[in-house]
Trainee: 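Below you'll find the structure I mean.
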Amino acid sequence: MTAPGPRPPGGAPPEGGERLQKVLARAGLGSRRACEALIEEGRAEVNGEVATLGRRVDPEHDRVSVDGVTIPVRPGLVYYLLNKPAKVVTTAHDPEGRPTVIDLVPAEPRVFPVGRLDWDTEGLLLLTNDGDLAHGLTHPGRGVPKTYLAEVTGVPGRAALRRLREGVELDDGRTAPAGARLAQRMPTGAALEIVIHEGRNRQVRRMREAVGHPVRRLVRTGFGPLRERRLAPGQWRPLRPTEIRALYGAISFKFRDAGDDSEV
């Protein structure tokens, strides 16, 4: 999804635009008085320029940030956090007629999943219509961490854990260093927590297999700064404004200048 481009630097805000403090308050940064205070402190920028009190903005086109972190202000943006159950496809439509993650959230406005979870993988999945945020979270250069809890066959020893941490040779190349720790020993194996910063197809499962401990069950427990333990499988909730800002902060999102088509 392509977002409206920003107004050229120095461009005048439109007549009838909304006052910046009102826009910031609607985005969840506090009361209008509190937002006025942060503007007076020079913490707010519009299209890369420090804003002053009384500044008006066009939420459809202007880029707004506070303390260097983008604040999404375009009307109609939604953000859903879903606890994806197993046996559900991470796509908008499945030719085989299998249930999809889109079936589990409101039909309007239309959203799309950010990244993917395999058919048999469970856990946290973000769905949104914010193309800018989705692009930043999935861009390989951002390295947004994803945390998984895996039930595996057998109990990995120190050598296996060290291989996971240092990188495992797969058929599509060596994996980047990952976080790996033994979370729990069980009668039939173990539970491992692993944190990766890549997004290869079935990466966690292939890493486990490579060190001799195949995955029996895989659950994503964290996506960037997002955590949620209270959602039952198949349930969703909207993100809180603080969580949306945390996601933008996690990717240190830098918007392109008007007319710049380079990768971010």
Side-chain angles (χ1 to χ4, degrees), residues 1 77-140 142-153 175 178-180 183-184 186 189 191-209 214-244 246-248 250-251:
M1 178 178 294
L77 296 178
V78 295
Y79 308 83
Y80 303 139
L81 185 63
L82 170 71
N83 184 358
K84 176 193 171 298
K87 314 307 179 187
V88 174
V89 183
T90 306
T91 184
H93 174 71
D94 182 59
E96 299 178 26
R98 295 173 295 181
T100 76
V101 294
I102 300 300
D103 299 329
L104 301 176
V105 297
E108 296 293 338
R110 292 182 62 185
V111 295
F112 51 89
V114 178
R116 58 167 294 156
L117 291 176
D118 297 328
W119 158 258
D120 47 359
T121 299
E122 309 165 53
L124 299 184
L125 182 70
L126 176 65
L127 299 99
T128 184
N129 56 359
D130 186 340
D132 290 326
L133 180 61
H135 177 71
L137 290 172
T138 55
H139 192 282
R142 300 301 177 192
V144 176
K146 293 168 280 290
T147 305
Y148 295 84
L149 191 65
E151 294 182 11
V152 300
T153 301
T175 63
Q184 183 182 1
M186 300 182 297
L192 295 183
E193 181 182 81
I194 186 166
V195 182
I196 63 173
H197 298 79
E198 301 174 283
R200 305 190 201 184
N201 185 41
R202 299 180 69 84
Q203 180 176 341
V204 174
R205 294 180 183 275
R206 291 191 292 144
M207 289 173 68
R208 296 287 201 254
E209 292 172 0
V215 171
R216 294 199 303 264
R217 183 187 179 195
L218 185 61
V219 181
R220 183 193 278 172
T221 59
F223 183 63
L226 299 181
R227 299 289 188 279
E228 177 58 76
R229 297 182 178 180
R230 292 172 293 183
L231 287 177
Q235 289 187 335
W236 65 273
R237 67 167 175 81
L239 288 190
R240 306 177 186 94
T242 53
E243 292 174 319
I244 300 169
L247 286 172
Y248 267 101
I251 60 176

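Here the structure is a predicted model, which is why all the values come from computation and not from measurement.
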Trainee: State whether the side chain of Thr221 and the backbone N or O of Leu149 hold a donor-acceptor pair below 3.5 Å, judged by distance alone.
Mentor: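 The answer is no, because no donor-acceptor pair under 3.5 Å joins these two groups.
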Trainee: Tell me the side-chain hydrogen bond (donor to acceptor under 3.5 Å, both in side chains) pairs involving residues 85-101, sequence neighbours left out?
Mentor: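 Checked against side-chain hydrogen bond (donor to acceptor under 3.5 Å, both in side chains) - neighbours excluded - the pairs reaching residues 85-101 are Asp94-Arg98, Thr100-Asp103.
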Trainee: Arg200 and Glu198: which non-hydrogen atoms are nearest, and at how many Å?
Mentor: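 Looking at all heavy atoms of both residues, the shortest contact is NH2-OE2, 3.3 Å.
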Trainee: Taking 4.0 angstrom as the limit, do Arg202 and Asp120 come out as a salt bridge?
Mentor: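 Here Arg202 pairs with Asp120 in a salt bridge, since their nearest N and O are under 4.0 Å apart.
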Trainee: Please report the shortest heavy-atom distance between Thr147 and Arg227, naming the atom on each side.
Mentor: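 So the two residues come closest at OG1-NH2, 3.7 Å.
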Trainee: Salt bridge check, Glu108 against Arg110: does any charged N sit closer than 4.0 Å to a carboxylate O?
Mentor: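 Salt bridge absent between Arg110 and Glu108.
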Trainee: Using a strict 4.0 Å threshold on nitrogen-to-oxygen distance, state whether Glu209 and Arg206 make a salt bridge.
Mentor: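 Looking at Arg206 together with Glu209, the answer is no, because their closest N to O distance does not fall below 4.0 Å.
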Trainee: When you compare the side chain of Leu192 with that of Val215, does any pair of heavy atoms fall below 4.5 Å?
Mentor: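 Side-chain contact under 4.5 Å: no.
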Trainee: Verify the distance criterion only: is there a donor paired with an acceptor across the side chains of Arg116 and Thr121 at less than 3.5 Å?
Mentor: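 No - no donor-acceptor pair under 3.5 Å links their side chains.
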Trainee: When rounded to the nearest 0.5 angstrom, what is the spacing between NZ in Lys84 and CG in Leu117?
Mentor: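 Between Lys84 NZ and Leu117 CG, I get 6.0 Å after rounding to 0.5 Å.
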Trainee: For the residue pair Pro113 and Leu125, what are the closest heavy atoms and their distance?
Mentor: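 Between these two residues, the closest heavy atoms are CB-CD2, 4.1 Å.
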Trainee: With heavy-atom distances below 4.5 Å as the criterion, would you say the side chains of Val89 and Val101 are in contact?
Mentor: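 When only atoms from C-beta onward are counted, Val101 and Val89 do not touch, as no gap falls below 4.5 Å.
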Trainee: May I have all residue pairs that pass ring-ring contact (aromatic ring centres under 6.0 Å, His included) and include part of residues 217-240, sequence neighbours excluded?
Mentor: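 For residues 217-240: Tyr80-Trp236.
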Trainee: Just by distance, do the side chain of Arg220 and the backbone of Leu124 share a donor-acceptor pair under 3.5 Å?
Mentor: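 Such a contact is found between Arg220 side chain and Leu124 backbone.
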Trainee: Do Asp118 and Arg205 come within less than 4.5 Å of each other through their side chains, counting heavy atoms only?
Mentor: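 A side-chain contact under 4.5 Å exists here.
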Trainee: Going through the checks in order, is the side-chain contact (heavy atoms from CB on, under 4.5 Å) test met by Leu126 and Leu137?
Mentor: CA-CA 10 Å; Leu126 176 65; Leu137 290 172; 3.6 Å; yes
Trainee: Please answer whether the main-chain N or O of Val78 pairs with a side-chain N or O of Asn129 as donor and acceptor at a distance below 3.5 Å.
Mentor: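 Between the backbone of Val78 and the side chain of Asn129 there is a qualifying donor-acceptor contact (under 3.5 Å).
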Trainee: Any sub-3.5 Å donor-acceptor pair from Glu228's side-chain atoms to Arg230's backbone N or O?
Mentor: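 Looks like yes, one N/O pair under 3.5 Å.
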Trainee: Is there a side-chain contact between Leu104 and Pro85, using heavy atoms and a 4.5 Å cut-off?
Mentor: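 With C-beta onward as the side chain, the pair touches.
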Trainee: Would a distance-only check, ignoring hydrogens and angles, find a side-chain to backbone donor-acceptor pair under 3.5 Å from Arg216 to Val152?
Mentor: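 Yes.
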Trainee: Once you round to the nearest 0.5 Å, how far does CD of Gln184 lie from CD of Glu193?
Mentor: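 Taking CD in Gln184 and CD in Glu193, the distance rounds to 12.5 Å.
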Trainee: Once rounded to the nearest 0.5 Å, what's the spacing between atom CG of Leu133 and atom CD1 of Ile251?
Mentor: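 Between Leu133 CG and Ile251 CD1, I get 5.0 Å after rounding to 0.5 Å.
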Trainee: Using side-chain contact (heavy atoms from CB on, under 4.5 Å) as the criterion, list what pairs up with Ile196, not counting sequence neighbours.
Mentor: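 Expected list: Lys146, Tyr148, Ala178, Ile194, Gln203, Val204, Met207.
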Trainee: Mind checking whether Val144 and Thr138 have side chains closer than 4.5 Å, heavy atoms only?
Mentor: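 They are not in contact (no side-chain heavy atoms under 4.5 Å apart), so the answer is no.
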Trainee: Step by step, work out the side-chain contact (heavy atoms from CB on, under 4.5 Å) result for Val114 and Tyr79.
Mentor: CA-CA 10 Å; Val114 178; Tyr79 308 83; over 6 Å; no
Trainee: Quick one, Arg229 with Leu231, criterion side-chain contact (heavy atoms from CB on, under 4.5 Å). Give me CA distance, side-chain angles, the key distance, then yes/no.
Mentor: CA-CA 6 Å; Arg229 297 182 178 180; Leu231 287 177; over 6 Å; no
Trainee: Do Arg208 and Leu218 have side chains that approach each other closer than 4.5 Å (heavy atoms only, starting at C-beta)?
Mentor: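 No, side chains not in contact.
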Trainee: Please lay out, stage by stage, how Leu127 and Ile102 fare under the test side-chain contact (heavy atoms from CB on, under 4.5 Å).
Mentor: CA-CA 8 Å; Leu127 299 99; Ile102 300 300; 3.8 Å; yes
